[in-house]
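Data first, discussion second: the structure below is written as structure tokens.
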Number of protein chains: 2
Amino acid sequence: MWRSCKFSGMTSSSPTVRPAPGRLRVAVPSVAERVAAELRRQLAEGTLLPGTRLTESTIAEDLGVSRNTVREAFAELASERLVVRLPNRGVFVANLDAGDIHDVYTVRRAIEVSAVRGGGSAEDIAAVRAAVEEGKRAAEAGDDEALGTANQHFHGAIVAMAGSPRLNSIMGQVLAEMRLYFHKATMDADFYRHYLPDNEAICAALESGELDRAASLLLAYLDRSEDNLSDVHGAGAG
Amino acid sequence: MWRSCKFSGMTSSSPTVRPAPGRLRVAVPSVAERVAAELRRQLAEGTLLPGTRLTESTIAEDLGVSRNTVREAFAELASERLVVRLPNRGVFVANLDAGDIHDVYTVRRAIEVSAVRGGGSAEDIAAVRAAVEEGKRAAEAGDDEALGTANQHFHGAIVAMAGSPRLNSIMGQVLAEMRLYFHKATMDADFYRHYLPDNEAICAALESGELDRAASLLLAYLDRSEDNLSDVHGAGAG
DNA sequence: AATCGAAGGATCGTTGAACAATTTGAATTT
DNA sequence: AAATTCAAATTGTTCAACGATCCTTCGATT
């Protein structure tokens with residue numbers, strides 16, 4: 001269940017290292033952050049499925065870090081709702097139910113529509129366009145994985161138009177939650193393929209400055225997407 | 001700077017306590033959570049001002065907990081953006097700048113407007129009304145503190161209309177960030193008083209089902225509020 | 001005299017071990 | 001079959017230690 005993936009060992013102290021004199025150090029992530037990143041990666045990848053229990057000591061050993069550090073990583077992931085902490089019982093990979101999915105879409109409707117209504121710079125819109133084309137290429141190549149990724153890029157680019165670090169961060173978390181759900185639900189191979197025309201239409205509306213139109217297209221898209229996903233859920237899970 | 005406020009001591013073990021047989025225990029918050037709550041309280045109250053450094057060992061001693069526990073609490077507060085962690089330098093109370101304020105308002109515009117557009121149940125709207133009246137009473141009583149609180153209740157009730165746990169949580173964090181800023185900026189005693197008519201108008205529009213009108217009133221309110229706050233900032237801080 | 005660089009001290013980051021409290025599941029009893 | 005007891009496993013929390021890093025001070029150099 002746990003592939004042994006100690007990441008790059010943390011420092012052997014060579015005697016005379018000058019610690020990069022200038023003020024511009026690259027801010028090496030702490031061990032706790034790296035553990036969180038590693039777990040996040042496995043969650044996104046589907047190695048860790050919803051409901052899986054994450055035992056502190058096991059993860060500590062597997063990653064070669066102390067329990068306390070794992071704990072800090074858990075706190076981070078819990079704040080992102082990727083894992084759930086049951087007091088005295090342990091940490092479990094979040095298992096989204098129908099209500100969560102609806103809630104996630106409520107958040108997406110709020111911030112994506114708002115971002116579209118506010119419009120964006122030429123570069124922002126170019127990034128949206130790039131995601132649309134990325135999706136088309138993935139569809140032609142028949143790469144479903146890449147298609148899903150492109151779709152997330154599309155919606156990420158939509159939110160990025162607002163130029164808000166906080167909205168970007170929220171969107172990132174929400175997309176991570178959705179990824180979690182996707183691994184649980186078995187869905188059509190071309191689940192995303194249906195949305196390519198929507199993405200194209202929304203992007204076109206943005207490019208021609210029809211913000212209101214883009215917003216209503218997006219809203220309709222999100223509603224439909226939520227419906228489809230709920231159907232999948234009904235079929236795929238108990 | 002730190003009032004000694006060890007919270008209720010954590011358990012002396014009496015020999016034969018039966019641990020409340022049933023499954024319905026009240027989920028006592030962990031020590032880390034209580035530390036986070038205590039710090040959050042002091043941040044909201046203004047005891048801890050923006051820029052203040054929070055030293056692990058000091059807080060650990062003051063609250064009578066271990067450094068590791070304080071660390072977990074810091075992680076929680078950092079995820080809420082109430083404190084900022086500078087690697088190897090320490091944890092500081094977040095010090096919002098003009099960009100942060102703008103960003104916070106971007107988030108508020110997104111989620112508050114969206115919530116209003118979606119409308120709410122009779123109870124939801126009644127809660128909004130209650131917050132409006134709470135504000136009126138505070139204004140009459142000349143209680144500025146209560147006025148600010150009522151205003152936050154008003155906007156909290158707006159978002160609560162969406163019935164989304166995630167949006168509520170986001171709004172809670174955003175309001176906490178604003179409170180942080182308010183303690184730093186010295187503003188007119190009746191800063192909020194100007195907004196009472198706006199709140200009333202928005203609430204009235206909601207009650208009569210004019211959702212679009214309520215949404216545009218709210219949007220205008222938020223824009224004006226952001227402007228006012230930016231002015232205060234320009235005057236009050238360097 | 002101003003600048004640069006080398007000690008010193010303080011604090012953070014992380015570890016490892018320890019122990020109490022709690023949950024869980026199995027064995028035992030009624 | 002239901003209830004009770006008991007032991008094992010895991011979490012929650014503390015404590016002590018140590019290297020790494022930052023900040024300050026002090027002294028040497030140009």
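Chain letters run A, B, ... following the sequence lines, proteins first and then strands; every chain starts at 1.
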inquiry  = Would you compute the distance between atom OG of A/Ser66 and atom CD of A/Glu56 and round it to the nearest 0.5 angstrom?
reply    =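 One finds 10.0 Å between OG of A/Ser66 and CD of A/Glu56.
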Between [N] atom [atom2] and [X] atom [atom1], what is the distance in whole Å?
X       : N      : atom1 : atom2 : result
B/Arg85 : D/dC22 : CZ    : P     : 15 Å
B/Phe92 : C/dC12 : CZ    : P     : 9 Å
B/Leu63 : D/dT13 : CG    : P     : 13 Å

request  = Give a yes or no on whether the ring-centroid distance for B/His155 and B/Tyr195 is below 6.0 angstrom.
outcome  =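 Ring centroids of B/His155 and B/Tyr195 are no less than 6.0 Å from each other.
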Kindly give the atom pairs (protein nitrogen or oxygen, nucleotide nitrogen or oxygen) under 3.5 Å for nucleotides 4-11 of chain D.
{"unit_1": "D/dT10", "atom_1": "O3'", "unit_2": "A/Arg53", "atom_2": "NH2", "d": "3.3"}
{"unit_1": "D/dT11", "atom_1": "OP1", "unit_2": "A/Glu56", "atom_2": "N", "d": "3.4"}

ask   = Which residue pairs satisfy the side chain to side chain donor-acceptor pair (under 3.5 Å) criterion with at least one member in residues 159-168 of chain B, sequence neighbours excluded?
value =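 Listed once each, the pairs are A/Asp100-B/Arg166, A/Asp103-B/Ser164, A/Asp103-B/Arg166, A/Glu177-B/Arg166.
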ask   = So which nucleotide from C/dT14, C/dG16, D/dG12 ends up closest to the side chain of A/Asn68?
value =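 The listed nucleotide nearest to A/Asn68's side chain is C/dG16.
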query = Can you name the ring pair (Phe, Tyr, Trp, His ring centres under 6.0 Å) partners of A/Tyr105, sequence neighbours left out?
reply =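 Partners of A/Tyr105 by the ring pair (Phe, Tyr, Trp, His ring centres under 6.0 Å) criterion come out as none, since no residue qualifies.
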key: Shortest non-hydrogen contact from A/Val159 toward A/Ile111   =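 Result for this residue pair: CG2-CG1, 4.2 Å.
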inquiry  = Between the opening five pairs and the closing five pairs of the helix from C/dA1-D/dT30 to C/dT30-D/dA1, how far apart are the helix axes, to 10°?
reply    =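 End-to-end axis angle for the helix from C/dA1-D/dT30 to C/dT30-D/dA1: 10°, rounded to 10°.
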inquiry  = Just to verify, what does B/Ala127 make a side-chain contact (heavy atoms from CB on, under 4.5 Å) with, not counting sequence neighbours?
reply    =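 Scan of B/Ala127 (side-chain contact (heavy atoms from CB on, under 4.5 Å), adjacent residues dropped) gives B/Ala157.
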query = How would you list, by chain and number, every residue that makes a side-chain hydrogen bond (donor to acceptor under 3.5 Å, both in side chains) with B/Glu80, sequence neighbours excluded?
reply =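 For B/Glu80, the residues satisfying side-chain hydrogen bond (donor to acceptor under 3.5 Å, both in side chains) (neighbours in sequence not counted) are B/Arg40.
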inquiry  = Applying side chain to side chain donor-acceptor pair (under 3.5 Å) to A/Ser121 and A/Asp124, what does each step give before you reach the verdict?
reply    = CA-CA 5 Å; A/Ser121 70; A/Asp124 292 334; 3.1 Å; yes
